[in-house]
Number of protein chains: 2
Amino acid sequence: METAFKAINDVTRREILQFLIQGPQNAGQIAKQFDMTKPSISHHLDLLKQAQLIDAVKKGQFIHYSLNKKGFESIHQWFQGFAQHFEFPKPKIRL
Amino acid sequence: METAFKAINDVTRREILQFLIQGPQNAGQIAKQFDMTKPSISHHLDLLKQAQLIDAVKKGQFIHYSLNKKGFESIHQWFQGFAQHFEFPKPKIRL
DNA sequence: TAAATAATTAGGCGAATATCTAATTAATAT
DNA sequence: ATATTAATTAGATATTCGCCTAATTATTTA
């Protein structure tokens, strides 16, 4: 849980997560979205992976990254402790 | 929003929030809960206040701190963007 | 008004973080 | 086999963060 909070405490990493909402992307495709070197992005991906916010699957010379439910769950769980004290606006459409 | 993520990226600050679930507490009462000097706690309270995760009300020489819905909402909102891609377990009791 | 209490502000220091360049590993293609 | 491409690992550096002690501000009480 510690690692998840750490991971989302960075704009770039949050933007990577945001980007992955559209679906899995390899490291190069992700790096292209940002004005930052590939090694830096690689490091961010590593932290996100450690936090289980993303998954990595190697396909040949590419590595496909995608969102991982697990990390989000741990954040969600923490959040629920407070949700009971506040009432939050529900999204228009509940899937 | 940036400030909210920053604020919750620290164990002590998260524990302060947790402690405030039981109700408003003044700075001294909060500081007593932690093995840390008052100035350090004061700094943490300042960051939580900036993130609008807590409110501060001065009553005489005391300052009463309490949870503030606003900061939690901004985190919640960010989270909703991902909640639509994952299905999260709902709490047993919905208030 | 002087002493005590509650809390913050200021300044300093070591540890952690984000970024870069250079080097390395691994897979594909010529 | 060699060159190319995708990506990571390693090492260096500047900045941010969390904590401390000392000093300051503000309020209450004797």
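Here is how names work: the chains are called A, B, and so on, in the same order as the sequence lines, proteins then strands, and each is numbered from 1.
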Atom-pair distance ([atom1] on [X]; [atom2] on [N]), nearest Å:
X	N	atom1	atom2	value
A:Lys38	C:dA26	NZ	P	16 Å
A:His44	D:dT8	NE2	C1'	15 Å
A:Asn26	D:dT5	CG	P	15 Å
B:Arg14	D:dG18	CZ	C1'	14 Å
A:His64	D:dA6	NE2	P	12 Å
A:Ile16	D:dA7	CD1	P	13 Å
B:Met36	C:dT8	CE	P	15 Å
B:Glu15	D:dG18	CD	P	14 Å

Would you say that B:Leu47 contacts B:Leu53 through its side chain, given a criterion of any heavy-atom pair below 4.5 Å between the two side chains?
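Sidechains of B:Leu53 and B:Leu47: no contact.
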Could you tell me if the side chain of A:Val57 sits less than 4.5 Å from the side chain of A:Ile63, heavy atoms only?
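Contact flag for A:Ile63/A:Val57 side chains = no.
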Per-nucleotide protein contact string for nucleotides 21-30 of chain D, where B marks a base within reach and S marks sugar-phosphate only (heavy atoms under 4.0 Å, - for neither):
BB---SBS--
Going only through I, L, V, M, F, W and Y residues with side-chain contacts under 4.5 Å, is there a path from A:Ile30 to A:Val11?
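A:Ile30 and A:Val11: separate clusters.
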At under 4.0 Å between heavy atoms, what does B:Asp46 touch on the DNA or RNA strands: base, sugar-phosphate, or nothing?
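Nothing, no nucleic acid heavy atom in range.
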Using a heavy-atom cut-off of 4.0 Å across all strands, would you classify A:Phe34 as base, sugar-phosphate, or nothing?
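Nothing: the residue A:Phe34, judged by heavy atoms under 4.0 Å, touches no strand.
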Applying the ring pair (Phe, Tyr, Trp, His ring centres under 6.0 Å) criterion to B:His76, which one of A:Phe86, A:Phe82, A:Phe79, A:Trp78 satisfies it?
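Of the listed options, the one satisfying the test is A:Phe79.
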Under the salt bridge (charged side-chain N to carboxylate O under 4.0 Å, His left out) definition, can you give me all pairs with a residue in residues 44-59 of chain A, not counting sequence neighbours?
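Passing the test, one end in residues 44-59 of chain A: no pairs.
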Can you measure from [atom1] ([X]) to [atom2] ([Y]) and round to the nearest 0.5 angstrom?
X	Y	atom1	atom2	answer
B:Leu67	B:Gln18	CG	CD	9.5 Å
A:Asn9	B:Ile8	CG	CD1	8.0 Å
B:Lys6	B:Leu48	NZ	CG	13.5 Å
B:Gln25	B:Ser66	CD	OG	10.0 Å

Counting side-chain heavy atoms from CB outward, which of D:dG18, C:dT8, D:dT8 is closest to A:Ile63?
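Minimum distance to the A:Ile63 side chain belongs to D:dT8.
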B:Leu45 or A:Thr12, whichever maps to the more 5' nucleotide of DNA chain C
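On the 5' side of the pair lies B:Leu45.
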Walk me through whether A:Leu45 and A:Ile41 qualify under side-chain contact (heavy atoms from CB on, under 4.5 Å).
CA-CA 6 Å; A:Leu45 290 171; A:Ile41 294 296; 4.0 Å; yes
All N/O contacts under 3.5 Å from nucleotides 15-17 of chain D to the protein, with atom names and distances to one decimal?
unit_1: D:dC17; atom_1: OP1; unit_2: B:Lys6; atom_2: NZ; d: 3.3

Residues forming a salt bridge (Lys or Arg N to Asp or Glu O under 4.0 Å) with B:Arg14, sequence neighbours excluded
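Expected list: A:Glu2.
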Please, which pairs that meet ring pair (Phe, Tyr, Trp, His ring centres under 6.0 Å) have at least one residue in residues 7-64 of chain A, sequence neighbours excluded?
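Applying ring pair (Phe, Tyr, Trp, His ring centres under 6.0 Å) to every pair that reaches into residues 7-64 of chain A, excluding sequence neighbours, yields nothing.
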Just N and O in the side chain of B:Tyr65: are any of them under 4.0 Å from OP1 or OP2 of C:dA6?
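Checking B:Tyr65 against C:dA6: no side-chain N or O falls below 4.0 Å of OP1 or OP2.
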The helix from C:dT1-D:dA30 to C:dT30-D:dA1: angle between its terminal axes, five pairs each, to 10°?
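What I find for the helix from C:dT1-D:dA30 to C:dT30-D:dA1 is an axis angle of 10°.
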